[in-house]
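Below: the structure, in structure tokens.
The basis for the numbers below is simple: all heavy atoms, side chains too, and nothing from hydrogens, waters or symmetry mates. Everything quoted here is computed from the prediction, not taken from an experiment. The chains referred to below are lettered A, B, ... by the order of the sequence lines, with proteins before strands, and numbering in each begins at 1.
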Amino acid sequence: MKKALFVDHQFHQKTRSADFFVDILRAAFDVQSYYLEPERQPDDGVLNAAAGVDIVILWQMDFLAPLFSAMGKPVIVIPMFDGSGGMPDVHWMFARKARFLNFSLVLNERIRMAGCKTMLLRYFPEPADEEKLPHFDKFDAFFWQRRPDHGIDFRLVDTLLGGELDSLHLHNAPDIVGNFVPTLPERTRYKFTQSTWFKDRAGYANCLNKANVFIAPRVAEGIGMALLEAMAAGKLVLAHDAPTNNEYISNWFNGILFNKNAPSAIQIRNHASRIARAGWRTVVEGRKQWLSSHSAIIEWVDKAETPPAIDMDHSVFLRDLWYSYYASLDEYVSFITRRLTVLGELSDLPYHRLLDALGEAQAEQIDPSLQLRDCALGSNGVLDLTNTDDRFIGEGWSNAEPEWRWAVGNRSEIHFSGLDAGEGRVRTCFTASSLPQLGKWVQCTILLNEQIVHEERIKPGWADYHFEFDAELLRHENRFVLCFDKATALPTDNRRLSVCFKQFNFSLDNS
Amino acid sequence: MGDESKSRHSRLIILDPVCVFPYGHNVAAMDTFKHFVGKYFEEVVSLGCNSLPDEISAHFRIMPTFEYYYNDVMPLPDAHVDTTFPRTHEQKTTAAKKDLARLLKQLEVGGDDTICYPSVDFYSLLALVELIDELRAAGSPKLLIRLIGVMETASSGRYSKPLNVTIALINRLFEAGLPVRLAAETPRYAEYLAGQLNRPVAVAANIEIREQVPLPQTEQFTVICPGSARYDKGFLDLAELFSGVRRRDPDMRIRFITQVLPDRDLKHQIDYLVRLYAIPGTTLLPSQLSPVDLAKLYEEADLVLLPYAQDVYQFRGSAVLIEAMMSGRHCLALEGPAFVDQMRYFGSGTACRSIADMADKVIACSMETPLSRHAKASQARGRFVRDLVSSYRDWVI
């Protein structure tokens with residue numbers, strides 16, 4: 001039996017959240033677990049542990065893949081969307097000798113398109129027996145307020161469901177330190193209860209099991225265990241529209257997706273029973289698929305290729321990787337940039353491809369007629385900059401984050417088409433916030449197809465800004481250029497940031 | 001056909017400068033033409049693009065002959081933009097003329113030869129017209145030209161009405177007295193061309209020789225969308241379609257399997273892909289599948305969906321329709337495309353008015369007994385095979 005080293009985050013030793021996966025591995029491998037603590041110094045012991053095994057499996061700690069590849073070990077990486085969804089191409093190139101297992105479709109496609117070997121998985125827990133499914137003659141919700149700082153908090157839940165619930169239990173135990181005491185509305189139609197801790201898991205489970213409505217507590221997930229367990233128990237689940245929540249929920253069929261940035265009341269009473277049952281059926285069918293995928297997982301792990309070892313001081317490499325990764329994303333990319341030779345060896349890519357990745361090379365021009373982008377706006381006229389879909393994005397932007405996208409530097413470009421107005425005015429509204437460190441405002445000048453159409457002082461804090469322009473300025477494909485008078489790097493982020501945006505809304509005024 | 005016909009047709013030269021990708025239908029068409037049309041000839045020579053991967057050209061015995069004139073329209077994988085592929089209309093015209101002139105000379109093409117284009121492309125037609133004198137001097141070999149409504153209008157954006165130019169080029173070949181025999185992939189396209197050219201145009205559907213496969217013996221009802229999923233093949237309608245079915249079938253007896261867009265398009269449609277993926281009972285497959293995996297897909301299927309765009313497929317046939325028909329699978333297609341006429345004629349599928357109507361018809365099909373579906377599919381297949389053999393014989397002989 002091959003020996004496998006399962007390297008995981010110390011935190012999971014307590015939560016046991018990776019145990020289901022380790023159990024699958026144990027059917028075919030002699031698995032030894034090793035837990036690392038990011039808050040501490042790099043632990044050289046992991047090198048000794050890896051030296052004695054046939055294969056290294058990294059749960060989330062994808063940045064360590066190049067280390068074990070350099071040791072000549074076959075490496076399997078299981079990254080998570082919530083931790084690694086925003087990593088740049090070079091991060092995945094650095095781990096190109098590894099094989100990946102992904103629980104998120106979005107992350108899987110990202111890594112596959114970066115040239116890595118990857119297999120998509122879909123986890124489903126054991127479903128409850130049909131006769132034990134909850135009834136929906138009344139509506140009792142459970143909400144664990146884990147990350148109120150991300151906007152999924154009591155107030156949001158009250159806005160979404162306050163008019164529908166008979167009771168709401170708030171488990172107010174945030175993952176972060178802070179005072180997040182809920183302010184109850186003056187009048188609520190539902191009974192409100194609250195807890196801040198449970199003596200044991202059974203206490204938590206008892207409280208949860210009294211509910212038939214479950215609100216997913218986080219913006220994005222790696223797998224989404226809590227949501228899936230709620231679905232499996234036949235509860236109605238509601239979650240913010242982001243991976244992996246939206247990879248399991250087909251909106252209004254087996255769950256409900258909401259936008260935490262634009263919350264409004266959701267009428268669940270006439271649909272809850274049907275949707276919750278569809279959620280449970282999803283798990284019943286999904287569970288069969290999940291169980292049948294175990295042999296493929298084992299084969300995928302077993303067939304991981306052994307890369308040639310690289311002659312280097314692995315202990316030093318671990319330290320450098322560790323410190324740069326946990327310092328900041330920019331520091332980490334900077335570290336990779338300094339180690340291009342190793343990156344070349346670990347990726348088997350020619351030098352120019354590495355430069356393309358580091359410099360985020362633009363596609364070369366072939367023919368002007370072929371440069372038309374697929375950047376058509378939808379019929380609602382919304383240009384959403386928070387989508388992972390980046391077809392509107394030109395130069396000068398960060399990767400999409402769940403809530404916003406940063407303009408990087410003093411000039412950012414957006415492309416769009418599909419506003420085919422012959423005449424009249426185009427009303428435009430955009431949502432933005434300037435970086436507080438830049439003072440009271442950032443001056444933003446907006447050019448449409450080389451003509452200035454608006455100037456605005458964008459202030460810290462989210463606000464809507466409005467302006468109009470003449471529809472005659474529109475072309476088949478349009479280019480917005482946003483110029484900012486200020487941009488700065490932060491102690492923890494070397495990018496020069498100025499303003500972050502959510503979206504632009506366009507509407508035609510033919511009057 | 002017996003030896004008599006072979007003695008009258010010495011050599012068949014099959015040409016396809018777009019036979020360049022290891023996947024897709026061009027290589028398969030080369031092979032099927034070699035066997036299906038080649039049986040009327042003593043010798044067959046297959047000529048493809050010189051960028052076709054070596055192992056493919058060796059396996060199918062396709063001689064690398066032509067430059068690739070269409071890299072700007074359909075880029076080769078990993079083909080860098082500044083390579084020596086012809087880019088302008090003039091460069092392409094010159095390259096195509098040079099390639100054809102060279103092969104006429106190298107193969108010593110004569111009056112007994114037949115030059116066959118399984119799916120003619122624009123620059124090959126242009127080259128034929130440019131080399132009318134050379135073709136006459138060679139004894140006017142017979143020209144079998146088949147049009148499928150795809151590459152014969154790929155004129156690099158030079159013409160806003162390229163089909164007019166294509167028709168003019170074909171007329172020129174006739175005027176020059178060359179023995180041209182035309183065929184189109186669909187009856188509708190054949191009628192259109194015949195009307196424009198005032199000449200007979202045969203109907204020559206996609207050649208398929210696969211066997212009928214038994215319907216799957218499972219409790220589930222599997223619906224597939226095969227072929228490289230593309231915008232014009234209705235990829236962006238699938239979420240509405242699958243959701244519509246799912247709402248009517250909450251217990252998930254009906255399953256969906258679809259290929260997804262190629263990466264160059266998919267990277268802009270990740271949000272949509274997530275929506276599709278989240279619909280329970282949906283399996284996503286890569287945009288390219290091997291012939292073995294594709295055959296397996298038909299084996300697993302109960303029903304094939306073709307929500308193709310009406311405008312793009314106004315004259316076009318569908319290789320998937322033919323594959324499905326030969327595999328013994330019923331199809332559902334949106335009204336409008338030319339292949340829907342064939343589907344109706346052979347009884348191999350049902351036309352739908354809209355995506356919602358298609359969702360209703362998926363449910364209706366899932367209620368039919370396997371025995372009834374098998375009987376219908378066998379009848380359609382049998383009629384299609386007999387029609388295919390006779391129509392090709394009439395065109396070639």
Side-chain angles (χ1 to χ4, degrees), chain A residues 81 104-110 112-115 120 122 124 231 241-255 257 274-275 277-286 288-289 352 363-370 373-376 378 384 386-393 400, chain B residues 71-75 78-83 85-89 91 156-158 160 219-220 231 236 239-240 242-256 260-287:
Chain A
F81 178 82
S104 159
L105 172 73
V106 170
L107 191 57
N108 187 71
E109 293 304 284
R110 172 103 178 79
R112 184 180 65 76
M113 289 183 196
L120 179 62
R122 214 174 199 187
F124 286 94
M231 267 175 132
D241 188 357
T244 57
N245 299 333
N246 60 6
E247 296 180 9
Y248 285 99
I249 294 178
S250 184
N251 202 12
W252 287 93
F253 174 71
N254 57 359
L257 296 170
R274 172 184 58 81
I275 294 173
R277 186 180 167 79
W280 175 78
R281 282 290 309 172
T282 302
V283 176
V284 170
E285 293 303 320
K288 291 178 203 164
Q289 302 281 330
H352 72 267
E364 285 191 47
Q365 296 179 359
I366 300 174
D367 181 306
S369 65
L370 298 171
R373 302 161 62 110
D374 172 25
C375 56
D384 187 352
T386 65
N387 277 345
T388 46
D389 169 357
D390 60 359
R391 62 208 168 105
F392 304 110
I393 299 304
Chain B
N71 195 52
D72 49 351
V73 186
M74 294 191 299
D78 298 327
H80 211 258
V81 288
D82 61 356
T83 60
F85 291 115
R87 290 166 60 182
T88 65
H89 176 72
Q91 286 171 344
S156 307
R158 170 88 166 196
S160 56
E219 289 184 3
Q220 294 164 3
Y231 292 122
L236 297 181
E240 182 191 343
F242 293 176
S243 296
V245 174
R246 188 78 306 140
R247 280 194 297 274
R248 294 165 176 82
D249 172 46
D251 283 337
M252 300 176 207
R253 184 178 157 247
I254 299 171
R255 305 301 168 97
F256 312 102
V260 300
L261 295 172
D263 284 356
R264 66 174 180 275
D265 297 323
L266 190 64
K267 66 184 177 187
H268 302 303
Q269 297 292 349
I270 294 295
D271 292 335
Y272 175 80
L273 187 72
V274 168
R275 268 182 62 204
L276 203 55
Y277 178 69
I279 299 168
T282 302
T283 301
L284 304 179
L285 298 178
S287 65

Part of [X] within contact of chain B (heavy atom distance under 4.5 Å):
| X | value |
| --- | --- |
| N246(A) | both |
| R274(A) | neither |
| L257(A) | neither |

Evaluation steps, side-chain contact (heavy atoms from CB on, under 4.5 Å), between L284(B) and E109(A): CA-CA 12 Å; L284(B) 304 179; E109(A) 293 304 284; over 6 Å; no
Salt bridge check, R255(B) against E285(A): does any charged N sit closer than 4.0 Å to a carboxylate O?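 A salt bridge links E285(A) with R255(B).
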Does R275(B) form a side-chain contact (heavy atoms from CB on, under 4.5 Å) with N251(A)? I'd like the steps, not just the answer. CA-CA 8 Å; R275(B) 268 182 62 204; N251(A) 202 12; over 6 Å; no
When rounded to the nearest 0.5 angstrom, what is the spacing between [atom1] in [X] and [atom2] in [Y]?
| X | Y | atom1 | atom2 | result |
| --- | --- | --- | --- | --- |
| R112(A) | D263(B) | CZ | CG | 4.0 Å |
| D241(A) | D271(B) | CG | CG | 8.0 Å |
| F392(A) | H268(B) | CZ | NE2 | 11.0 Å |

Could you walk me through whether I270(B) and R110(A) pass side-chain contact (heavy atoms from CB on, under 4.5 Å), step by step? CA-CA 9 Å; I270(B) 294 295; R110(A) 172 103 178 79; over 6 Å; no
Min side-chain heavy-atom separation V106(A)-Y277(B) under 4.5 Å: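 No - every pair of side-chain heavy atoms lies 4.5 Å or more apart.
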Could you tell me if the side chain of S243(B) sits less than 4.5 Å from the side chain of F253(A), heavy atoms only?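 Not in contact.
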Under the side-chain contact (heavy atoms from CB on, under 4.5 Å) criterion, do L266(B) and M113(A) qualify, and how do the steps go? CA-CA 10 Å; L266(B) 190 64; M113(A) 289 183 196; 3.8 Å; yes
Hey, which of I279(B), T88(B), D251(B) has the most heavy atom pairs under 4.5 Å with chain A?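 Highest number of heavy-atom pairs under 4.5 Å: D251(B).
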Restricting to non-hydrogen atoms, name the atom on T282(B) and the atom on R122(A) that form the minimum distance, rounded to 0.1 Å.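 Smallest interatomic distance, heavy atoms only, reads O-NH1, 4.5 Å.
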What are the two closest non-hydrogen atoms of A278(B) and S250(A), and how far apart are they?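 Looks like O-CB, 3.4 Å.
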